[in-house]
Amino acid sequence: MSDLLSIFIKSAIVDNVVFIQYLAICPFIGMTSDTQKATGMSLATTFVIILATAVTWPLYKFILVPLHIEFLRTLIFILVIASLVQLVEFYLKKSSPALYSSMGVYLALITTNCAVLGVTIKCIDKSYNYGESLIYALGAAIGFLLSMVIMSAVRSRIKTAKLPKAFTGVPILYVAAGLLSLAFLGFSGLIK
């Protein structure tokens, strides 16, 4: 049980997909202007990350490896992820049209969100079993949610702050993201 907790904490905080691995920067910058949008995008991405891992791990272990076609891993994983994103789009369009329209192009971009692909590949590369892979995916998804919500809070504070002209707009976002990355880097000694 402690191994699973260790995997979860490591994937959520110590190896955070945004702040440490520098994946999913596009939605991180593009969707954090509003906390509700950031949360909606994070929840949709969480669903896709967990479901993609649940589908790709057995696909890799039981089909690609026995057939000796592991080199098709990335292509197959992207096809699975694209299919899952379509399911999320259909669901959001029916259940929450306002959130669907506010997410705009970023919802479709979950397909190319390198965090989703990165998590699925990392589970294979780390030789995790199925349960460990799902825990890693859940932790990475929670870490993505955490980074999105933190950045949306920082951005709401930036809106009211007096900034030097050179730092207004995108530059302050990158400074804030860099400082948050440094803060998360402090967790690197937490779990080995």
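Positions are given from 1 along the sequence.
- Using a 4.5 Å cut-off on side-chain heavy atoms (C-beta onward), Phe19 and Phe28 make contact.
- Transitive grouping of hydrophobic side chains (ILVMFWY, heavy atoms separated by less than 4.5 Å) keeps Leu145 and Met41 in distinct clusters.
- Minimum interatomic distance between Ala176 and Ile158 (heavy atoms only, all atoms of both residues): CB-CD1, 4.4 Å.
- Considering Tyr130, Tyr128, Phe8 in turn, Tyr128 is the only one that fulfils the ring-ring contact (aromatic ring centres under 6.0 Å, His included) rule with Tyr136.
- If you chain together hydrophobic residues whose side chains sit under 4.5 Å apart, Leu134 and Val48 fall into the same group.
- Residues Phe167 and Tyr174 are not in side-chain contact: their nearest non-hydrogen atoms beyond the backbone lie 4.5 Å or more apart.
- Enclosure of atom NZ in Lys126 by more than 12 non-hydrogen atoms of other residues, nucleotides or ligands within 6.0 angstrom is indicated.
- Connection of Leu64 to Val119 is established within a shared hydrophobic cluster, with ILVMFWY side chains joined at heavy-atom distances below 4.5 Å, either directly or through further cluster members.
- Put simply, the side chain of Val14 does not reach to within 4.5 Å of the side chain of Ile20, judged on heavy atoms.
- Between Asn16 and Ser147, some side-chain heavy-atom pair lies under the 4.5 Å cut-off.
- In this structure, CD1 on Ile124 lies 6.0 Å from OG1 on Thr56, to the nearest 0.5 angstrom.
- The number of heavy atoms from other shown groups lying within 6.0 Å of CD (Gln36) does not exceed 12.
- The side-chain heavy atoms of Leu173 and Met151, taken from C-beta on, include a pair separated by under 4.5 Å.
- For the 3.5 Å distance criterion, the side chains of Arg155 and Ser33 fail to qualify, holding no donor opposite an acceptor.
- To the nearest 0.5 Å, atom CD1 of residue Ile7 and atom CD of residue Glu132 are 4.0 Å apart.
- In terms of heavy-atom proximity, Ser95 sits nearest to Pro97 at C-CD, 3.7 Å.
- Atoms CG and CG, from Leu138 and Leu4 in turn, are 11.0 Å apart once rounded to the nearest 0.5 Å.
- Atom CG of Leu92 and atom CZ of Phe47 lie 9.5 Å apart (nearest 0.5 Å).
- Between the Trp57 side chain and the Gly131 main chain, no donor and acceptor come within less than 3.5 Å of each other.
- Residues Ile9 and Ile142 share a single hydrophobic cluster, defined by chaining ILVMFWY side chains whose heavy atoms lie under 4.5 Å apart.
- When every heavy atom of Ala24 is checked against every heavy atom of Cys114, the shortest pair comes out as N-SG, 3.3 Å.
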Report all side-chain donor-acceptor pairs from residues 76-90 shorter than 3.5 Å, counting only partners two or more places apart or in another chain.
from, atom 1, to, atom 2, distance (Å)
Ser83, OG, Leu79, O, 3.0
Gln86, NE2, Glu89, OE2, 3.3

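- No side-chain heavy atom of Tyr60 sits less than 4.5 Å from a side-chain heavy atom of Ile121.
- Note on Val175: it does not cluster hydrophobically with Tyr22, by side-chain heavy-atom contacts below 4.5 Å among ILVMFWY residues.
- Side chain to side chain, Thr35 and Ser152 meet the donor-acceptor criterion of an N or O pair below 3.5 Å.
- For the pair Leu23 and Phe144, the minimum side-chain heavy-atom distance is 4.5 Å or more.
- Atom CD1 in Ile49 sits 10.5 Å away from atom CG in Leu117 (nearest 0.5 Å).
- Residues Leu75 and Leu72 are in side-chain contact: their nearest non-hydrogen atoms beyond the backbone lie under 4.5 Å apart.
- Atom CE in Met148 sits 6.5 Å away from atom OG1 in Thr45 (nearest 0.5 Å).
- Under a 4.0 Å N-O distance rule, the pair Asp3/Lys10 does not qualify as a salt bridge.
- Between the side chain of Gln21 and the backbone N or O of Asp15, at least one donor-acceptor pair lies under 3.5 Å.
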Requested in this report: Might you work through the side-chain contact (heavy atoms from CB on, under 4.5 Å) test for Ser96 and Tyr91, ending with a clear yes or no?
Outcome: CA-CA 8 Å; Ser96 181; Tyr91 176 76; over 6 Å; no

